[in-house]
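Computed from heavy atoms alone, side chains included, the values below leave out hydrogens, waters and symmetry copies. In what follows, chains carry the letters A, B, and so on, assigned in the order in which the sequence lines appear, proteins first and then strands, with residues in each chain numbered from 1.
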Amino acid sequence: MKKKFDIIRSTCVPLPLENVDTDQIIPARFLKATSREGFGENLFRDWRFNPDGSPRPFVLNDPRYGGEILLAGKNFGCGSSREHAAWALADYGFRVVVSSFFADIHRQNELNNFVLPVVVSEDFLAELFASVAADASTLVTVDVPRQTITNEATGRSKHFELNGYKKYCLTHGLDDIDFLLQSRPLIEAWERQHTTTP
Amino acid sequence: MPKTLFDKIWDSHVVQHVDDGPDQLYIDRLYCHEVTSPQAFRGLRERGLRPLRPAQIFCMPDHNTPTTGQERPIADPVSRRQVEELERNARDFGLAHFGMMHPDNGIVHVVGPELGLSLPGMTIVCGDSHTSTHGAVGAVAFGIGTSEVEMALASQCILQTKPRSMRITVEGSLGPGVTAKDLALYLMSRLTTSGATGHFVEYAGPAVRSLSMEGRLTLCNLSIEMGARGGFVAPDDTTFAYLRGRRYAPQGRAWDEAVARWRTLRTDDGATFDREVSFDAADIAPMITYGTNPGMGMPVTGRIPEPAGPSDEKALAYMGFRPGEPMLGRPVDYVFLGACTNGRIEDFRAFASIIRGRRKAPGLTAWLVPGSWAVVRQIKAEGLDRVLADAGFELRQPGCSACLAMNDDKVPSGKLCVATSNRNFEGRQGPGSRTLLAGPLTAAAAAVTGVVTDPRTLMN
């Protein structure tokens, strides 16, 4: 999953619903695994499939749409903290999720699994949805070093936020534990200054 | 400069600020349950690491545990493997572990405060969004992902961007039949499910101050359902009275010193918050949800509002409800009392107060699931188990149960359940299940009448 980020140019899968919670991204009955792999097949399970396993009318079953970028309505990933939701998105093949608003924990979970949450304005998101609805082959370019997202159908480009630390991690394939392990002297110094608990 | 309590606790736990990045935050207490920890322990092993501070980590299974027959091994082999893996990880790494049937087992967010493991001024994390519950003791407590559990295991720290601060003040006092759950459902209905995203909430005002610890635990539990990173109540005499004498709380002279320290844990006069909102408790009635996110709530006596957009329309279509319909009188198939939201002794007392002298409605299935073995013991000590049995109800064994239906407690497709848990998402209580979130009084009223009922009509 630690695939280094540079420039991603891809078609998009549109999911124009708000408040998509992590129970929909990966239902609780699929949380019993003890490894991080294999969650992609159950991504959006109950929206994708009927109980008998037959496909439902859902965007992931629509042959017109595909790609490494998921477009989602605001407040994507609310609810449960389950990182399995980020694992499922990554395992399915999404590398970027674009929304006007992400729930806090899920946003962090995506970042920690090398799925990039890109926050754009409501207007820009609406335009992306419109472009993809008009032409499913619309390309979107996410340039991580320059922190820009471009709707190739309209040529409009916007800056997105990403702190310098995370940008370095994503573009170099490093994770937070590598960083934290180096800080042990600082942790021990903090503990010496805080001897009463709490 | 005057500081908020959130700033005081957070800032004092910052080990370092990462340049153009997050804070490295020291974690006083890490809880692990079986669902979100296996991959973290696996990651630790793959890196050849051990937990840095094992004495600060407590493990217990709760999500997969069955609520009957815990004396026997779990029948579902996949659930059993996950529970056993937590036990093995705890043993291999020397961590405290309260396994199934251990007298201290229960839902992690019920057990932590109950044992005095969660204390004022602490930073507390767990791979579970309802970790915000522990904020009720005056701690900065919040849910994290599994990668962050691995960070906390490896370094007793996580990397986290400091949330903005928000104060929610509730003036006045709650009316009869209005519980902490109704207060929380009201706040969600007003602020929406994303209204506090990016913020850490301090709950304040007379209506909050007058809540018991159980009520505060319920309120803080639901912070995440407004999108908040967490929520807390500054510690006061109610907090100290609750914690005093609990097993892991300081004892003797250390207790007196701790209380003196904890009394300084308050927001300074004149401190500013990034956001402030206030509400009047007099506006709050017993609440119920009608949609598929916890923000879709209304007074139990109300009518379903017009959908505001396609997401609301999808929710009503899933629930099979139409705008303008009342909720009162709607037949209910299941009632679930329990979860980290409402699985404490006070919730069972409230439920018992309504059902006493009445009978469970015919054909209705009721799952009454205490949050921990300590709650079970208290229920029995107070004789509430007799009250429940006399009304035709059965008490189950503790666990998360039908809140998220990872065990066998699944609401069948299409069935309607009044639940005291925290989420009414599509399929949350089992594929196709339909959930109405409410407080313990409203749940009890539905359990004895078989329909959605205003609990105030059954109160003496």
So what's closer than 4.5 Å to chain A heavy atoms on [X]: side chain, backbone, both or neither?
| X | answer |
| --- | --- |
| B/Y26 | side chain |
| B/Q24 | side chain |
| B/N64 | side chain |
| B/K410 | neither |
| B/V35 | both |
| B/Q16 | side chain |
| B/I9 | neither |
| B/V14 | backbone |
| B/I224 | side chain |

Taking atom types as modelled and ignoring hydrogens, do the side chains of [X] and [Y] form a donor-acceptor contact shorter than 3.5 angstrom?
| X | Y | answer |
| --- | --- | --- |
| A/H84 | A/N42 | no |
| A/N113 | A/E83 | yes |
| A/N19 | A/N75 | yes |

inquiry  = Please evaluate residues A/F44 and A/F58 with respect to the criterion ring pair (Phe, Tyr, Trp, His ring centres under 6.0 Å), reporting the C-alpha separation (whole Å), side-chain torsions for both, the decisive distance (0.1 Å), and the verdict.
reply    = CA-CA 9 Å; A/F44 292 114; A/F58 181 62; 5.6 Å; yes
message = So if I apply the salt bridge (charged side-chain N to carboxylate O under 4.0 Å, His left out) rule between A/D23 and each of A/R82, A/R29, A/R45, which one comes out positive?
response = A/R82
Is it the backbone or the side chain of [X] that comes under 4.5 Å from a heavy atom of chain B, or both, or neither?
| X | result |
| --- | --- |
| A/L186 | both |
| A/A103 | backbone |
| A/K166 | neither |
| A/D104 | both |
| A/Y168 | neither |
| A/H106 | neither |
| A/E191 | side chain |
| A/Q108 | side chain |

In terms of side-chain geometry, is the basic nitrogen of [X] or [Y] positioned less than 4.0 Å from the acidic oxygen of its partner?
| X | Y | value |
| --- | --- | --- |
| B/D76 | A/K32 | yes |
| B/R81 | B/E87 | no |
| B/R42 | B/E150 | no |

ask   = Between B/A315, B/P22, B/G432, which shows the greatest number of heavy-atom pairs under 4.5 Å with chain A?
value = B/P22
query = If you count heavy-atom pairs under 4.5 Å with chain A, which of B/R423, B/R229, B/E85 comes out on top?
reply = B/R423
query = For chain B, which of A/N112, A/N109, A/L180 has the most heavy-atom pairs under 4.5 Å?
reply = A/L180
request  = Mind telling me whether A/F5 and A/F114 have parallel, tilted or perpendicular rings, with 30° and 60° as the class edges?
outcome  = parallel
Within-4.5 Å side-chain heavy-atom neighbours: B/Y31 and B/R29 = yes
key: Side-chain touch B/Q82/B/M406, heavy atoms, less than 4.5 angstrom   = yes
A/R156 to A/F124, cation-pi by 6.0 Å centre distance and 45° axis angle = no
